[in-house]
Structures are given as C-alpha cells and as structure tokens.
Asks: 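Dropping the structure in here first, questions after.
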Amino acid sequence: MSAPNSEYDPVEVSSLHPDEVARMVSDALSAFEAARDLDELKQARLAHTGDRAPLTLANREIGALPPQARKDAGRRVGAARREVGEALARRQAVLEAERDERVLVDEAVDVTLPWDRAPRGARHPLTTIQERVADVFVAMGWEVAEGPEVEAEWLNFDALNIGPDHPARTMQDTFFVAAEGADGADGADDSGLVLRTHTSPVQARTMLARTRQTADGSGEPGRGMPIYVICPGRTFRTDELDATHTPVFSQVEGLAVDEGLTMAHLKGTLDHFASSMFGAGITTRLRPSYFPFTEPSAEMDLQCFVCRGASVGDPERPCRTCGSEGWIEWGGCGMVNPRVLVACGVDPERYTGFAFGMGLERTLMFRHGIEDMHDMVEGDVRFATAFGMEV
Ligand code: DAH
C-alpha cells in the first residue's frame, strides 16, 4: 500500500459527493413521505437509516478519507443523517397520531348499546317463598292443597261461618264477579262468585272433598281423615296499591283436622314454621282475637327477630322492625269452629282441627327488610335477582 494520499479529494468517493448525499437525503425524505402507515414507515426507515442504507454505508466511507477531507465529509454526512432522522421522527409522529385517531374511531364503544344481550331472568321471591313454605310442611308429612282464585261466594264466606251481614262481605273488601251479561249496576247481578279474599276457602274445599260432600258427590274416594294440608296461593281485595297494601296478594293457609288436636299442636306447628322462615329459636305468641271460622281464635305474633324483644322499654335501643313492641303480627289462627266442621261434613264430636293463615308479602317484607310493596309487585327483574336463586 502507498503512503497516505494527502491529496485525496472526498469528492472522488462518489458516495460522499454532495450531490449524492443530497440525493440520498431526498430519497429518504420522499420514502418517509410516501409511507402511508407505520408499517410502511418501518420499511422506509430500514431502507434509509438501517445498516445497509446508502447514508450508513457512506458514513462508513468517511473513515477511509484523509484527515482534512474527513471533517468536511463528516459534517456533510452528519447533517444529512440528522435531517433524515428528524424527517423520520416527524413522519413517525404524524402516522402515530393518525393511527391513534383511527383506533379511537374503529374501536369506539357505543355505550348506549345494551351491555347484556341475554340477561338472565330471576324467580320472584314470592314464588320461592311459597315453595319453601310448602317444603317445610311437606317435610312434616303435610300435603299441598290448591283452590281456584275465582271462588264460590259460599265457600269464601258462608262455609267459613262468615254470615251475609259480616263486614268482610261488603263491597269494600271483595271483588264480586258479575254474572254474564250483567251491567254490574247492583248486587242482584252477582254470579255467586268472588275473587277469593283469602286462602281459607281451601279449608272448606279440602274437608268437603275428604268427606265426599262436594256438589257432584265425587269427593276423594278412600281419603278421609286426618287432614294436614298447606295452601299457598294468590288472594284479592279491593285495596289501593300503596307501601303496605296491594289488591293482589298472597297468603298461606294451613289446616289440620284429626282426633285430639289442641291449641298446643297449633302452637308447636307455628313455632316450627316461624323458625324455618326467620331463624332458629324464634318464638310465637298467641293473642286472643276473633275470626268467624275459628273458636277460640288468636292473632299469631312473632317475637321480633331483629331485637328479640330487647328494644322494649329501652329508648336507647329503638327497633324499627317491631316499632320497639318486641312482637310482630304475622297472621291469624285458631281451632276450627265446629260450625265449619259441620258445614263441611266433619263430625265435631270426633274431630278437632286447627288452622292458620298469614300474608306472604308481609312475611317477605319482614324476612328481607323490604320496605315498599311497590317493589314486590312492579315486576322489575332487578328486584327479583337480588334474592338469588333457590331451586
Ligand atoms: N283468612 C284470614 C284472613 O285472611 C286469616 C286466617 C285467620 C286464616 C285465622 C286462618 C285462621 O286459617 O284460622 O285474614
């Protein structure tokens, strides 16, 4: 190799010629400009700034130049690379901004669309509690009885010793069913049917069926006494819907007819029923009352399952659930009135019976702290889902 070529002119290294460098720069800039997205820009970047890019190769040539030429070429190539680098960064920023904007549009979520396309339903807690009540009694050997919601006036009232003058029969409480073609202007058009005002007619129906005293004489062959039946069902009264009333509500009726039944059996049954609804150890209290179809009759109170009586006389610890009474009224009960037994063909000398009936909405309201009847009847599935699912 000869001595260093001090006369070496960088212009003679063609890749370092100013025109050539300018061309490389302009090639790179137009390639960046032509890139329509970040992928294309990446290709352009590799082609114009990568290891094998003309400017990179040119840069490498600089080392071979004589010192005086190196500086000039270095400055020129350095400026060119800087310009290319800046153009690349600018184009990169533009394309990234475009991409971000496109993503915002393409991946936008329409928050007004339903988020749950196949929403799950829920069983109404009233249905669940009716089944639960039935289960509690079936586990004790009782049967589940049913009766029609459109009931004979005679079964709803007369058979239960509710005479024609009883206040429960006035138009205020009862939905009377008009006879076909009637104009409903006066009571003479009555069909003899009502929407049952309570589940108690199922008592009469059950006894009549067991004693073969049904109108068509069919009865239930071979099935007589004893009777242990429970009947949860829908009932109707002409009440306005408000926080504590609804014209369509539910009751559960219980009836036992056997030899030797006493109030003690009634009390024991109710205590068990109350514990299974409200928790172990809850007690019931019987308070003298009057129902035409039971004698003696009682109101059945529950010991308050929130304060368990501790709030009574203690102003420091008021209880909202029982109003600091210590007890909550739950339903009516008593020993089946012998007049009812007779009306239904049961020998009152041989058999005694006990019966009870309570509102299921009320039971649910206590049990779950539901404060407004509207929630129970409006049918919003969000109310029902909160109770979970019991199958
Ligand atoms: N049927 C009554 C009512 O709707 C409740 C009731 C009271 C049912 C006493 C009974 C009973 O079986 O013995 O208010």
Side-chain angles (χ1 to χ4, degrees), residues 130 133-134 137 142-149 151-163 166-170 172-175 194-208 227-239 244-258 261-271 273-274 284-302 328-341 343-344 346 348 351-363:
Q130 290 192 17
V133 169
F137 282 89
W142 292 45
E143 291 170 59
V144 178
E146 276 185 39
E149 291 172 1
E151 182 58 283
E153 198 174 338
W154 186 82
L155 288 165
N156 194 79
F157 295 123
D158 304 77
L160 298 170
N161 197 34
I162 304 175
H166 193 281
R169 280 178 93 128
T170 64
Q172 279 169 13
D173 292 317
T174 309
F175 284 110
V194 296
L195 298 189
R196 65 178 177 192
T197 58
H198 50 179
T199 42
S200 300
V202 179
Q203 290 187 27
R205 283 184 168 274
T206 307
M207 287 187 276
L208 287 167
I227 294 173
Y228 290 90
V229 292
I230 192 86
C231 170
R234 201 172 286 147
T235 47
F236 309 84
R237 285 187 205 174
T238 57
D239 286 326
T244 52
H245 295 88
T246 160
V248 181
F249 57 107
S250 324
Q251 288 190 335
V252 57
E253 190 80 17
L255 171 72
V257 183
D258 204 343
L261 287 182
T262 69
M263 289 281 278
H265 297 107
L266 169 63
K267 180 78 164 71
T269 306
L270 294 178
D271 278 349
F273 184 21
T284 60
R285 171 178 81 169
L286 298 186
R287 200 159 30 84
S289 185
Y290 172 78
F291 296 100
F293 37 94
T294 42
E295 183 58 40
S297 301
E299 290 290 347
M300 177 203 328
D301 292 343
L302 287 174
I328 298 164
E329 194 179 307
W330 195 24
C333 62
M335 301 305 291
V336 180
N337 192 319
R339 296 175 68 141
V340 174
L341 294 177
C344 298
V346 176
Y351 295 104
T352 51
F354 66 78
F356 54 89
M358 61 277 287
L360 285 172
E361 282 79 2
R362 205 171 149 71
T363 305

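As the structure is a computational prediction, the values presented were derived from the model and not from experiment. Read the numbers this way: they start at 1 and go in the same order the structure lists the ligands and their atoms. We're numbering straight along the sequence, starting at 1.
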Asks: In chain order, what residues pass the side-chain hydrogen bond (donor to acceptor under 3.5 Å, both in side chains) check against T352, with sequence neighbours excluded?
Replies: none
Asks: Between F356 and F273, how do the two ring planes meet: parallel, tilted or perpendicular, split at 30° and 60°?
Replies: tilted
Asks: Please determine whether a side-chain nitrogen of the Lys or Arg among E153 and R169 lies less than 4.0 Å from a carboxylate oxygen of the Asp or Glu.
Replies: yes
Asks: Among all residues two or more places apart in sequence or in another chain, which pass the side-chain hydrogen bond (donor to acceptor under 3.5 Å, both in side chains) test with T199?
Replies: Q251, E253
Asks: Under the salt bridge (charged side-chain N to carboxylate O under 4.0 Å, His left out) rule, collect the residues that match up with D258, sequence neighbours excluded.
Replies: none
Asks: Identify, chain by chain and in numerical order, each protein residue with a heavy atom under 4.0 Å from an atom of ligand 1.
Replies: H198, S200, Q203, R237, Q251, E253, F291, F293, T294, G332, C333, G334, A355, F356, G357
Asks: Using the ring of each side chain (for Trp, its six-membered ring), is H198 parallel, tilted or perpendicular to F293, with breaks at 30° and 60°?
Replies: perpendicular
